[in-house]
Amino acid sequence: MAETPTTETLPSSDDIFLFHEGTNYRSYSMLGAHTAAEEGISGVRFTVWAPHATYVGLAGNHNGWDGTQNMDSLYKIPDSGFWSRFFPGMEPGTFYKYRIVAADGTSFLKADPFAFKAEVRPATASVVAELAGYQWGDAAWRRKNKSPYNQPVNIYEMHFGTWRQKEDGEFYTYQELGGLLIPYLVEMGYTHVEFMPLAEHPYDLSWGYQGTGYFAATSRYGDPHELMYLIDHLHQAGIGVILDWVPAHFAKDAHGLRMFDGSALYEYADPMLAEKPGWGTLSFDFSKPEISSFLISNALFWFDLYHIDGMRVDAVTSMLRLDFEKKSHQYRHNANGGLENLEAISFIQRLNKAIFQYYPKALMMAEESSAWPGVTAPVHEGGLGFNYKWNMGWMNDTLGYIEHEFSERPHHHNLLTFPICYAYAENYTLPLSHDEVVHGKKSLLNKMPGSYEQKFAGLRQLLGYQMSHPGKKLLFMGSEFGQFIEWKDQEQLDWLLLEYESHQRMLAYSKELNKLYLSEKALWELDHDLEGYQWIDADDSGQSIVSYIRRGKKPVDTLLFIINFQPAQRLNYRIGVPRPGAYEEIFSSERTEFGGSGVHNAPMQSSKLEWHNQLNSIELTIPPLSFLVLKKVGRKGK
């Protein structure tokens, strides 16, 4: 082993100190493989954290994947846990792994935890990649990007590999798919796209949720610059980008993070803390400051290098709860006797503080499935510090309701009315996500009771209900045109369905509903303000009808919603209205162009008849299984 490393690009003592302190939030700039010039010679510096290793070498095609010779060895930086060496003449595109010898003498190969690129699966090597050099054109987007709270947020969630595929079943590249995806999102009126995890992962059917390469955009779909191109052009088209991110756990694959240097380095040493038995994965050890440096650096990396606008943080409940999906013999209590993972809570708070310090307008959305308090409360108030939480309660209640047969719905009316009781407890996003349309759960369309036509009416109604309920919106791909079979997770969506009129009309409905959302401020301006919502009638369980008001900041923006969850038309149905005047039906799920019955209400003049605790009321016809939107006709500003 050589004795004296060059120092031109070695990690500084300050960087090493901050990494071990847990506050080196750009540790990707010193760890991993970085092209450099040292002593006037171009090459690559490799640096890895492996404190319990007795030897670390570089293995690759150049040495037959051996990595045990003196010319291959990395230097151990004293008292740091870091190994580093500059290899002259090495270039981007080089395949490599680290040859690690553990304290017990065992020798094995590991992919680089900080690699910017990986081989295309099933191969598992890391690849030297240069991320600099892409010329971004999204400066205008980044300048005008606003805080999301009183803005429209309508998210299209998608799995990259199965949205569309080539005729031979091969994947489109990031850049190729952009040519199809971007015009579609713009035409449909979505504000954001959310990609299921794009960090490198070995197994396609994990959908990216069991990762091995946290800093490597998966090579399934091309090179890093191609992903940058896609995000750049999404921004230029006015579409924000949210990335699904997985700090809760990682895959056990031999080339990955598990027992990285022969010890439990990234995971807890205690199996009761480390094991995620339901998923066959391992939890990060949130007690280690270095894990904070690793994970927070990774989150910021996607913002810094790929210009993403936000993250959906997966499986937060599994981080918070020591007993999450475990039997009594599989977990232990914390030091205070509780079941909260105090270390994970602290990590989440540090994560969100760091993100909002550097990206104050970011979206940080927690997938948190319990009633954990303060998920979107500020850290200084004891909250977790996210600014949005997926409203799993709304999703479960709503889907539970719509799956009931029509005759049973009056007995479960509370599933429609209860969600508003907690709608303002957090800042919510309403998800109709991938988890609800896979593995035997049926598609949204096929969850609906009734005939073929009634299923479509029910889906139109469900999407309208989601759009009119307080909270930001998220819909999984395919639901917008009525994917009939659940998500198959290996094949592309059934775009051939658009050859049929019923699905064409469903797509037209989703498009017009999205445009209604964008144009009507009452649907988003006071999403998080109690003044933005008022029941008209929550109690008509016998007819399965709900009616309510959504308000914007100006009275002129007020909207009225009436939803009939039964396949029966209601004639001369009276509702109270907040102000006297004429009311116009501005939107109906039963328009003929959407596949509906065509029943339409002409403008309705209110009468001074008290109803629903209002001084004035109107009468209207409510079509079966319909979603209606009314707005007062009047002069602007009145």
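These numbers were taken from a predicted model, which means no experiment stands behind them.
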* **SB check Arg551 Asp557 (cutoff 4.0 Å)** => no
* Below 4.5 Å, heavy atoms only, C-beta onward: do Pro624 and Gln566 meet side chain to side chain? -> no
* Asked: Can you say whether the rings of Trp487 and Phe476 are parallel (under 30°), tilted (30 to 60°) or perpendicular (over 60°)?
  -> perpendicular
* Would you please say whether a donor-acceptor pair under 3.5 Å links the side chains of Trp207 and Asp489? => yes
* With sequence neighbours left out, what residues match Phe303 under ring-ring contact (aromatic ring centres under 6.0 Å, His included)? -> Tyr359
* **Member of Ile563, Leu516, Leu560, Leu523 meeting the side-chain contact (heavy atoms from CB on, under 4.5 Å) criterion with Val629** => Leu516
* To do: Answer yes or no: is there an ion pair linking Glu619 with Arg574, defined by an N-O contact shorter than 4.0 Å?
  => yes
* **Step-by-step side chain to side chain contact (heavy atoms under 4.5 Å, CB included) determination, Phe160 to Tyr174** => CA-CA 9 Å; Phe160 200 94; Tyr174 295 114; 3.7 Å; yes
* Please check if any side-chain donor atom of Tyr156 sits under 3.5 Å from a side-chain acceptor atom of Glu480, or the reverse. => yes
* Asked: Hey, does the side chain of Ser544 reach the backbone of Asp540 with a donor-acceptor pair shorter than 3.5 angstrom?
  -> no
* Backbone N/O of Ile622 and side chain of Ser626: donor-acceptor pair under 3.5 Å -> no
* Tell me, yes or no, whether the heavy-atom count around Lys353 atom NZ, taken from other residues, nucleotides or ligands under 6.0 Å, exceeds 12. => no
* Asked: Parallel, tilted or perpendicular for Tyr401 and Phe565, by the 30°/60° rule?
  -> perpendicular
* Row check, Phe587 ring normal vs Arg591 NZ/CZ: under 6.0 Å, within 45° -> yes
* Which of parallel (below 30°), tilted (30 to 60°) and perpendicular (above 60°) describes Phe286 and Phe284? -> tilted
* Would you call the rings of Trp495 and Phe481 parallel, tilted or perpendicular if under 30° counts as parallel and over 60° as perpendicular? -> tilted
* How about Tyr573 and Asp537: do any of their side-chain heavy atoms sit closer than 4.5 Å? -> yes
* **Ring center gap for Phe456 and Tyr509 short of 6.0 angstrom** => no
* Asked: Is there a donor-acceptor contact under 3.5 Å linking the side chains of Glu426 and Thr376?
  -> yes
* Asked: Please walk me through it: do Glu590 and Arg460 pass side chain to side chain contact (heavy atoms under 4.5 Å, CB included)?
  -> CA-CA 9 Å; Glu590 282 297 286; Arg460 294 194 300 270; 2.8 Å; yes
* **Check: Gln483/Ser443 side-chain N/O donor and acceptor closer than 3.5 Å** => no
* Using only heavy-atom distances, determine whether the side chains of His528 and Tyr388 contain a donor-acceptor pair under 3.5 Å. => yes
* Evaluate the ring planes of Tyr465 and Tyr548, with Trp represented by its six-membered ring, and classify them as parallel (under 30°), tilted (30 to 60°) or perpendicular (over 60°). => perpendicular
* Asked: Side chains of His503 and Leu445: does their closest heavy-atom pair fall under 4.5 Å?
  -> yes
* Trp245-Asn298 side chain donor-acceptor pair, cut-off 3.5 Å -> yes
* Asked: Are Gln534 and Gln614 side-chain neighbours, meaning at least one heavy-atom pair lies under 4.5 Å?
  -> yes
* Keeping the roles fixed (side chain from Asn564, backbone from Ala568), state whether a donor-acceptor pair exists under 3.5 Å. => yes
* Under 3.5 Å: donor-acceptor pair, side chain of Ser589, backbone of Phe627 -> yes
* Under 4.5 Å between any side-chain heavy atoms of Ile296 and Phe347, yes or no? -> yes
* To do: Report yes if the side chains of Leu320 and Ser370 come closer than 4.5 Å at any heavy-atom pair, otherwise no.
  => no
* Validation row: Leu351, Met364 side chains within 4.5 angstrom (heavy atoms) -> yes
* **Ring centre gap for Trp163 and His434 strictly below 6.0 Å** => no
* Asked: Is any side-chain heavy atom of Asp309 less than 4.5 Å from a side-chain heavy atom of Leu363?
  -> no
* Could you pull out all residues at least two apart from Arg312 that satisfy salt bridge (charged side-chain N to carboxylate O under 4.0 Å, His left out)? => Asp244, Asp314, Glu367
* Under 3.5 Å, is there a donor-acceptor pair between the side chain of Lys144 and the main chain of Arg142? -> no
* Asked: Just checking, is any N or O donor in the side chain of Asn154 or Asn514 under 3.5 Å from an acceptor N or O on the other one?
  -> yes
* Asked: If you draw a 6.0 Å radius around CD in Glu381, do more than 12 non-hydrogen atoms from other residues or ligands fall strictly inside?
  -> yes
